[in-house]
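Read the numbers this way: they start at 1 and go in the same order the structure lists the ligands and their atoms. Computed from heavy atoms alone, side chains included, the values below leave out hydrogens, waters and symmetry copies.
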Amino acid sequence: MATQIPAKPPTSPVRLPDGDGAGSVVLERRTQKVKPPQMYQVVMLNDDYTPMEFVVVVIQEFFGKDLESATQIMLKIHLEGRGVCGVYSKDVAATKVDQVLEAAQKAGHPLQCLSEPVEL
Ligand code: TYC
């Protein structure tokens, strides 16, 4: 990844006056401006054909959920049209989407899934 250019260049070092600490150089303290990386949520979409059991298995297998929470997520998707299965870095989220789509395609189900940035 490209190195980020700081918003402001660092201030020039301050040279202390003679006396205690004479000749020493103090860098001005600055508040940290590094932001945490953007995270991505993997969202699964409802459809009328994919069996509920298949969705539950997929959520357990690829998102590390136990049977109970996988079932809750599946029912939320079924009732509300979409649901978040997990939150990851961009690359990991993209891999999860690929894994789900490949498993669905292999099984002949139209299950759809996408990743999107998490809103602050
Ligand atoms: N609506 C599907 C059914 O009634 C179940 C389903 C749930 C499908 C979640 C997709 O992401 C999904 N068989």
Should V57 and L45 be regarded as members of a common hydrophobic cluster, given that ILVMFWY residues are connected when their side-chain heavy atoms come within less than 4.5 Å of each other, either directly or indirectly? no
Just by modelled atom types, is the [Y] backbone N or O under 3.5 Å from a matching donor or acceptor in the [X] side chain?
X	Y	answer
Q38	V118	yes
K96	F62	yes
T50	L111	yes

Starting from [atom], which protein heavy atom do you reach first, and at what distance in Å?
atom	value
atom 4 (O) of ligand 1	H78 CE1, 3.1 Å
atom 8 (C) of ligand 1	N46 OD1, 3.4 Å
atom 2 (C) of ligand 1	D47 O, 3.2 Å
atom 9 (C) of ligand 1	I77 CG2, 3.6 Å

Within the 3.5 Å criterion, strictly below it, is a donor on D98 or T95 matched to an acceptor on the partner's side chain? no
Heteroatom distance test (T50, ligand 1): nitrogen or oxygen, under 3.5 angstrom: yes
Could you list which atoms of ligand 1 come closer than 4.0 Å to a heavy atom of L45? 10 (C), 11 (O), 12 (C)
A student checking ligand 1 against L111 at a 4.0 Å heavy-atom cut-off should list atoms 10 (C), 11 (O), 12 (C)
Could you pull out the closest heavy-atom pair between H109 and P51, with the gap in Å? CE1-CD, 3.3 Å
